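Within every chain, numbering begins at 1; the chains are lettered A, B, ... in the order of the sequence lines, protein sequences first and strands thereafter. Since the model is a prediction, treat every value here as computed from it, not as a measurement. Only heavy atoms go into these numbers, but all of them, side chains included; no hydrogens, no water, no symmetry mates.
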There are 2 protein chains.
Amino acid sequence: MDNKTTLQKILDVGQHLIQKNGYNGFSYADIAEQVGIKKASIHYYFPSKKELVQAVLQQYHKDFLNDLFQIDQQFNDPVKKLKAFFQLYRNTLDNNSKICLCTMMAAEISSFPEEIRGNINQFFVDNAKWLENVLAEKKATENPIQAEDLRDQARLFLAVAQGAPLLVRTSGNFAQYDSMVDHLLTNL
Amino acid sequence: MDNKTTLQKILDVGQHLIQKNGYNGFSYADIAEQVGIKKASIHYYFPSKKELVQAVLQQYHKDFLNDLFQIDQQFNDPVKKLKAFFQLYRNTLDNNSKICLCTMMAAEISSFPEEIRGNINQFFVDNAKWLENVLAEKKATENPIQAEDLRDQARLFLAVAQGAPLLVRTSGNFAQYDSMVDHLLTNL
DNA sequence: GTCTATAAGATGATAGAC
DNA sequence: GTCTATCATCTTATAGAC
């Protein structure tokens, strides 16, 4: 994995640092150290920090949509899809106690210009839309349900995916995440 | 309200700034400007930023526990208590689009020493404990339930209270918060 | 208690050599 | 592309006068 371009290394380390410490919690010096270059070199690729974070967000968003696509390919059962969805967020936790990039950026939203705020929101919209579709598959086999209710339930699931990692990372007990998800999926 | 002590003004402005911009997103200069004193004066009350944030957290935690106590005094119906609980988090949103202090601090947890991390966790534990008690009241009148399940459900509710504000503040549509809570309470 | 002055270091960013 | 050197600014924090 050492044959990554410098650009890719910067993006990956940048993403890691934002998920770990937040946009206001890392510096060009941190990236330089972990990538093995000098601060000035980062400016060659990303003249400003805002441009860097935007590129990181774009990569994260694209990768996540691909993950959702893979889930759709792999499973037919809606409940299994939902479990796989929550497993994505669990994988992030397992990977160095990180949280979703957009959970972090949503908390720090006051630091970003309007365009980036829109991009963060689009990530959530895409998450909710995917959840809504899966929940619709589930409900189709059971009693009919209002479209409005489906949207609310999808957003509720997403709220859990955003909030639960914050709780269990603070407690240090990641198993609580699984219990919460189990409870949610059992009572849906 | 101008008869507040300087100490109290610093605590209140500090709390506001952390909820709005995060611990890594505000400086002593910001507090000084809003309180109407000089930076150096803040150090008279709080020699370091860590001591300031700890005092802010302590005040926030105390005020929140008092809010929960007031809810217990005001309502008997468990469902009404739960609605009032989520209304507390909604009030924070309505107040200048702020989020819970501990949602923000949980996101920035890597910036804090072990002692403060423990204090943040205690806030969540107290929240979950209160929710568990209220949910137990509710279930007592219906079918019996496992204690373990109650704890999971309480944490799930708390995860929604932590995650939903992040979502709706990003979308700008606060009404989505109410819909999510309605959905949660209707299907509990 | 609050101020001025200042330190010591970090930060994002630029210029220009190689 | 990556470096050294440098900048202007901001950051937390301290010393000492009033």
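For Y45(B) and dA13(D), the OH to C1' distance is 18 Å, given to the nearest whole Å. What separates OH of Y28(B) from P of dA5(C) is a distance of 22 Å, to the nearest Å. As rounded to whole Å, 16 Å separates atom P of dG1(D) from atom CD1 of I42(A). Rounded to whole Å, atom P of dC10(D) lies 17 Å from atom CD1 of I31(B). Summarising the geometry, the separation between CD on E33(A) and C1' on dA10(C) is reported as 14 Å, rounded to the nearest angstrom. To the nearest angstrom, C1' of dG9(C) lies 11 Å from NZ of K39(A). Remark: P of dG12(C) and CZ of F26(A) are 7 Å apart, rounded to the nearest angstrom.
Of the possible polar contacts, none joining the Y89(B) side chain to the V160(B) backbone as a donor-acceptor pair under 3.5 Å is found.
A cation-pi arrangement is found for K49(B) relative to Y23(B), the charged atom lying closer than 6.0 Å to the ring centre and inside a 45° cone about the ring normal.
None of F123(A), F85(A), F124(A) except one satisfies the ring pair (Phe, Tyr, Trp, His ring centres under 6.0 Å) rule with W130(A); the exception is F85(A).
The local environment of CD in E51(A) is crowded, with over 12 non-hydrogen atoms from other residues, nucleotides or ligands closer than 6.0 Å.
If you check dT14(D), dT14(C), dT2(D) against the side chain of H43(A), the one that comes closest is dT14(C). Checked against dG12(C), dT11(D), dT11(C), the side chain of A29(A) finds its nearest nucleotide in dT11(C).
Look at S27(B) and you'll find a side-chain N or O under 4.0 angstrom from OP1 or OP2 of dT11(D). Not one side-chain nitrogen or oxygen of T6(A) sits closer than 4.0 Å to the OP1 or OP2 atom of dG1(D). For dG12(C), neither phosphate oxygen OP1 nor OP2 lies less than 4.0 angstrom from any side-chain nitrogen or oxygen of S48(A). Phosphate proximity of dT2(D) to K38(A): absent, as no side-chain N or O sits under 4.0 Å from OP1 or OP2.
Y44(A) comes within contact range of at least one nucleobase, with a heavy-atom separation under 4.0 Å. Contacts of F46(A) with the nucleic acid, taken as non-hydrogen atoms under 4.0 Å apart, are absent.
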Test log, rule side chain to side chain donor-acceptor pair (under 3.5 Å), inputs D126(B) and Q122(B): CA-CA 6 Å; D126(B) 288 349; Q122(B) 193 56 51; 3.0 Å; yes

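If you take NZ on K62(A) and CG on D67(A), they are separated by 10.5 Å, rounding to the nearest 0.5 Å.
Take the nearest nucleotide of DNA chain D for A40(A) and for P47(B): the residue whose nucleotide is more 5' is A40(A).
Between D152(A) and R155(A), at least one side-chain nitrogen of the basic residue sits less than 4.0 Å from a carboxylate oxygen of the acidic one, meeting the salt-bridge criterion.
Annotation: proximity of residues 15-24 of chain B to DNA chain D (heavy atom, distance under 4.0 Å) is found for no residue.
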